[in-house]
Amino acid sequence: MASSVNPTVRRRRLGQELRRLRELKGMTAEEVAERLLVSQSKISRLENGRRSISQRDVRDLCGVYEVEDARLVESLMQMAKDSRQQGWWHAFGDIPYSVYIGLETDAASLRVYEPQVVPGLLQTRGYAEALITGALPESSPADVDKRVSVRVRRQERVNTPDQPLRLWAVIDESALRRVVGGKVLMREQLEHLVELSQLPHVTVQVLPFGMGAHPGISGHYAILEFPEATDSSVVYIEGVTSDLYLEKANDVQKYSVMYEHLRAQALNAEQTREFIAEIAKEYAR
């Protein structure tokens with residue numbers, strides 16, 4: 001569940017504030033980097049929350065920006081301290097997509113389009129294990145178990161009655177037809193999907209093959225929105241070796257419009273449940 005000191009979100013908020021101070025000073029990231037004898041990429045990563053930030057970094061940047069408000073400096077220093085605390089996911093060791101987990105943990109809503117598999121937050125443990133094993137054939141059983149455990153822990157945001165994540169998932173029919181782990185497991189997964197889709201904060205829509213070409217044909221993406229107005233929405237695109245996070249208003253708007261087209265072309269919630277239930281019956285034969 002969301003934490004009031006989520007380190008990922010604290011880094012984002014702190015980075016946004018540092019960017020604001022730099023822009024008020026009328027300085028470019030290159031100029032700041034030159035003053036502090038660091039790389040421009042470090043300044044950029046500090047501002048977008050992708051890099052851990054120390055209290056010394058905050059002190060040095062406030063010095064460059066000539067911040068005279070002692071209370072503001074103290075507040076930023078405290079945010080830097082909080083941002084270095086560990087989230088629950090750190091207990092599982094090195095997780096490649098830990099930045100995303102931090103964002104998801106604090107998000108108020110999540111819109112996801114999934115063309116190939118059932119979205120992670122809606123997977124059964126058996127499906128998740130079979131999927132990860134197949135997707136990462138060189139991973140050890142211990143690593144697979146760790147990844148599955150993290151995925152199950154993430155699902156608490158959906159299953160908890162206390163401030164649950166508002167989840168909207170558009171799933172391509174291919175995700176329902178791809179037999180992951182065998183027919184018995186697939187039937188269990190689809191029945192689980194139907195069950196979760198009846199929760200008031202979860203909406204599932206299927207995009208049938210018959211719809212042909214559509215705006216999501218290029219692949220998976222997710223849009224995260226946060227309860228605090230100062231936290232900008234994020235578009236997340238997962239990669240094989242690295243992930244992409246888009247936060248510019250224009251980028252988020254484009255993906256949001258694309259998502260509206262996907263929702264309009266997909267079956268509605270009730271049609272989706274019937275559609276999934278029929279496919280689940282096929283796996284019982």
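Values below: all heavy atoms of this structure, side chains included; hydrogens, waters and symmetry mates excluded. Numbers here simply count residues along the sequence, with the first being 1.
Y65 and V58 fall within a single hydrophobic cluster, where Ile, Leu, Val, Met, Phe, Trp and Tyr side chains are chained together by heavy-atom contacts under 4.5 Å. Residue I237 is not grouped with residue Y100 when hydrophobic side chains (ILVMFWY) are merged at heavy-atom distances under 4.5 angstrom, including chains of intermediate members. L244 and L110 fall into different hydrophobic clusters, defined by Ile, Leu, Val, Met, Phe, Trp and Tyr side-chain heavy atoms under 4.5 Å apart, directly or through other members. Under a hydrophobic-cluster definition in which Ile, Leu, Val, Met, Phe, Trp and Tyr are linked whenever side-chain heavy atoms come within less than 4.5 Å, directly or via other members, L122 and V152 are assigned to different clusters. L246 and M258 fall within the same hydrophobic cluster, where Ile, Leu, Val, Met, Phe, Trp and Tyr residues are linked whenever their side-chain heavy atoms come under 4.5 Å apart, directly or through other members.
R166 places a side-chain N or O within donor-acceptor distance of the main-chain N or O of H201, the cut-off being under 3.5 Å. Under the 3.5 Å distance criterion, the side-chain polar atoms of T272 are matched with a main-chain donor or acceptor of V206. In terms of modelled atom types and a separation under 3.5 Å, the side chain of D145 and the main chain of P141 share no donor-acceptor contact. Put simply, the side chain of Y259 never gets that close to the backbone of I223: no donor and acceptor are under 3.5 Å apart.
Listed by chain and residue number, R178 satisfy the side chain to side chain donor-acceptor pair (under 3.5 Å) test with Q116 (two or more places apart in sequence, or in another chain). Applying the side chain to side chain donor-acceptor pair (under 3.5 Å) test to S75 and every residue at least two apart in sequence or in another chain returns nothing. Taking the side chain to side chain donor-acceptor pair (under 3.5 Å) definition, one finds that R177 meets it with E173, E282, sequence neighbours left out.
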Task: From CA spacing to verdict: side chain to side chain contact (heavy atoms under 4.5 Å, CB included), R154, V150 - done: CA-CA 6 Å; R154 287 169 51 206; V150 170; 4.2 Å; yes
TODO: With side chain to side chain contact (heavy atoms under 4.5 Å, CB included) as the test, would you mind laying out the steps for V202 and W168 before giving the verdict?
DONE: CA-CA 6 Å; V202 175; W168 200 304; over 6 Å; no
Task: Worked verdict on K281 versus E278 for salt bridge (Lys or Arg N to Asp or Glu O under 4.0 Å) - done: CA-CA 5 Å; K281 292 178 183 178; E278 286 301 313; 3.2 Å; yes
TODO: Kindly determine whether E17 and R13 satisfy salt bridge (Lys or Arg N to Asp or Glu O under 4.0 Å), including the steps that lead there.
DONE: CA-CA 6 Å; E17 181 62 18; R13 292 174 183 170; over 6 Å; no
TODO: Any chance you could lay out the side-chain hydrogen bond (donor to acceptor under 3.5 Å, both in side chains) test for S139 and R147, step after step, and finish with the verdict?
DONE: CA-CA 10 Å; S139 295; R147 287 173 177 264; 4.9 Å; no
TODO: Carefully, step by step, assess V170 and R263 under the rule side chain to side chain contact (heavy atoms under 4.5 Å, CB included).
DONE: CA-CA 7 Å; V170 176; R263 296 202 299 199; 4.0 Å; yes
TODO: Evaluate the salt bridge (Lys or Arg N to Asp or Glu O under 4.0 Å) criterion for residues D143 and K146: first the C-alpha distance (whole Å), next the side-chain angles of each, then the deciding distance (0.1 Å), finally the verdict.
DONE: CA-CA 5 Å; D143 189 47; K146 179 182 71 173; 3.6 Å; yes
Open item on the list: Could you go through L61 and V67, starting from their C-alpha distance and side-chain angles, then the distance that decides it, and tell me whether this counts as side chain to side chain contact (heavy atoms under 4.5 Å, CB included)?
Closed with: CA-CA 9 Å; L61 289 168; V67 180; over 6 Å; no
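At a threshold of 4.5 Å between non-hydrogen side-chain atoms, the residues M186 and V179 count as touching. Residues S256 and R111 have side chains in contact (heavy-atom distance under 4.5 Å, counting atoms from C-beta outward). Contact annotation: the side chain of Y245 never approaches that of V235 to less than 4.5 Å [non-hydrogen atoms, C-beta and beyond]. Between Y97 and D243, the closest side-chain pair of non-hydrogen atoms falls below 4.5 Å. Side-chain contact check for E270 versus E274: some heavy-atom pair is nearer than 4.5 Å. Side-chain contact check for L196 versus V204: every heavy-atom pair is 4.5 Å or farther apart. Counting heavy atoms from C-beta on, the side chains of L76 and L21 come closer than 4.5 Å. Counting only heavy atoms from C-beta outward, the side chains of T203 and S197 never approach each other to under 4.5 Å.
The CG atom of L190 lies 12.5 Å from the NZ atom of K183; values are rounded to the nearest 0.5 Å. Between atom CD1 of residue I43 and atom CZ of residue R19 there is a gap of 12.0 Å, rounded to the nearest 0.5 Å. One finds the OG1 atom of T124 at 5.0 Å from the CG atom of L185 (value rounded to the nearest 0.5 Å). Remark: T105 OG1 to R153 CZ distance equals 8.0 Å, nearest 0.5 Å. Rounding to the nearest 0.5 Å places CG of L207 at 10.5 Å from CG of L176. If you take NZ on K25 and CD on E66, they are separated by 3.0 Å, rounding to the nearest 0.5 Å.
Between H214 and Y113, the ring centre distance stays below 6.0 Å. Ring centers of Y221 and Y236: at least 6.0 Å apart, outside the cut-off.
For the pair E247 and V234, the tightest heavy-atom approach, listed with the atom from each and the gap, is CG-CG2, 3.9 Å. Taking every heavy atom of both residues into account, V118 and Q189 meet most closely at CG1-NE2, 3.7 Å. For the pair S149 and R125, the tightest heavy-atom approach, listed with the atom from each and the gap, is OG-NH2, 3.5 Å. E47 and L18 get closest at one heavy-atom pair: OE2-O, 4.2 Å. Heavy atoms only, all atoms of each residue included: P215 and Q265 are closest at CD-OE1, 3.2 Å. Between M27 and V32, the shortest heavy-atom contact is CE-CG2, 4.0 Å.
With no hydrogens or angles considered, a side-chain donor-acceptor pair links S109 and E225 at under 3.5 Å. Judged by distance alone, the side chains of Q123 and R151 do bring a donor and an acceptor atom under 3.5 Å apart. In summary, the side chains of D172 and S174 do present a donor paired with an acceptor at a separation below 3.5 Å, with no hydrogens or angles considered.
Of the options K254, E260, Q253, a side-chain contact (heavy atoms from CB on, under 4.5 Å) to V257 is made by Q253 and by none of the others. I171 pairs with exactly one of I276, V112, V117, L193 by the side-chain contact (heavy atoms from CB on, under 4.5 Å) rule, that one being L193.
Judged by a 6.0 Å distance limit and a 45° cone about the ring axis, R12 is positioned over the six-membered ring of F226.
Ion pairing between a basic and an acidic side chain is recognised when a charged N comes within 4.0 Å of a carboxylate O; R20 and E23 show no such pairing. Using a 4.0 Å cut-off between a side-chain N of Lys or Arg and a carboxylate O of Asp or Glu, R157 and D106 do not qualify as a salt bridge. A salt bridge is defined here as a Lys NZ or Arg NE, NH1 or NH2 lying under 4.0 Å from an Asp or Glu carboxylate O, and K42 with D57 meets this definition. Comment: R187 engages E191 in a salt bridge, judged by a side-chain N to carboxylate O separation of less than 4.0 angstrom.
Heavy atoms of other residues, nucleotides or ligands lying less than 6.0 angstrom from CD of E34 number 12 at most. E114 CD: more than 12 foreign heavy atoms inside a 6.0 Å radius. For E68, the CD atom is loosely surrounded, since the number of other residues' heavy atoms within 6.0 Å does not exceed 12.
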